[in-house]
Amino acid sequence: MIGAGKIKQYINVLDKPLSKGKQEVSLSAFAFLFSELVQYNQTQVDNISELERRLEDAGYAVGARVLELLCHREKGNRRETRLLGILSFVHSTVWKVLFGKVADSLEKGTEHEDEYMISEKELLINRFISTPKDMGAFNCGAFVAGIVRGVLENAGFPAVVTAHFVPVEGQHRPRTTILIKFDEEVLQREARLG
């Protein structure tokens, strides 16, 4: 008999497997949506720090979902339990899924033991944003800081995460540094795990 192999018939749409398909979002569509997110939040606040906080809150929700998705896909529902493991996970896996490449650098702070920095020469979030003179200190990287905070806190590593511009000699645009300051409980747990 020709074609004796079984062909699986799906009764319900929900029973069909998810196709891998193209998993990228158009850069122009993303830039448009992010611009709208910034503009909407700008109308809801009175100052720059409030705007950055609202962007960070929006990023936090994204980070929590990214962690769930990646732990399910990449790690078989296991999560990192060590500090360097979760930092490496954010620096490489999360960054690659969100921005298509690994972050430029991951560094430990020299002044404080609880500080780490993820640096990016040209953060995708800031690439298409132009800020008016009256909002000179505004950094859209707050959205990415929120994503990082969402990943870390939902993985059990509470931290304060902020985005900063760092000027680079010879370059027109400053690089963005995501500063991660872990809570004391994280460092104590890491010391116990030794």
query = Are Arg54 and Phe143 in a cation-pi contact, defined as NZ or CZ under 6.0 Å from the six-membered ring centre and within 45° of the axis?
reply = no
Just how far is it from atom [atom1] of [X] to atom [atom2] of [Y], taken to the nearest 0.5 Å?
X      : Y      : atom1 : atom2 : answer
Arg127 : Phe99  : CZ    : CZ    : 10.5 Å
Tyr116 : Leu179 : OH    : CG    : 12.0 Å
Lys96  : His91  : NZ    : NE2   : 10.5 Å
Trp95  : Leu124 : CH2   : CG    : 10.5 Å
Ile147 : Ile178 : CD1   : CD1   : 9.0 Å
Leu84  : Lys108 : CG    : NZ    : 8.5 Å

Measure across [X] and [Y] and return the closest heavy-atom pair with its distance rounded to 0.1 Å.
X      : Y      : result
Glu120 : Ala103 : OE1-CA, 3.3 Å
Leu37  : Ala58  : CD2-CB, 4.4 Å
Ala163 : Ala142 : CB-N, 3.7 Å
Leu67  : Ala155 : CD2-N, 3.5 Å

hydrophobic_cluster_shared for [Y] and [X], side chain cutoff 4.5 Å:
X      : Y      : result
Val90  : Leu187 : yes
Val94  : Met117 : no
Val97  : Ile86  : yes
Val186 : Leu152 : yes
Ile48  : Val45  : yes

Would a 4.5 Å heavy-atom cut-off, applied to side chains only, mark [X] and [Y] as touching?
X      : Y      : answer
Thr81  : Phe157 : no
Tyr60  : Val62  : no
Leu87  : Ile180 : yes
Val66  : Leu70  : yes
Asn126 : Glu122 : no
Cys140 : Val38  : yes

Looking at [Y] and [X], is any side-chain nitrogen of the basic one under 4.0 Å from a carboxylate oxygen of the acidic one?
X      : Y      : result
Arg149 : Asp57  : yes
Glu190 : Arg82  : yes
Glu113 : Lys181 : no

Side-chain H-bond candidate by donor/acceptor type, Thr176 with Asn139, under 3.5 Å =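 No donor-acceptor contact under 3.5 Å links the two side chains.
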message = Pairing donors with acceptors under 3.5 angstrom, does anything connect the side chains of Thr43 and Gln39?
response = no
task = Report the C-alpha separation of Glu36 and Phe32 in whole Å, then their side-chain angles, then the decisive distance to 0.1 Å, and conclude whether the side-chain contact (heavy atoms from CB on, under 4.5 Å) test is met.
result = CA-CA 6 Å; Glu36 288 297 314; Phe32 174 73; 3.8 Å; yes
Any donor-acceptor pair under 3.5 Å linking the side chain of [X] with the backbone of [Y]?
X      : Y      : answer
Ser92  : Ser88  : yes
Asp104 : Lys121 : yes
His164 : Thr177 : no

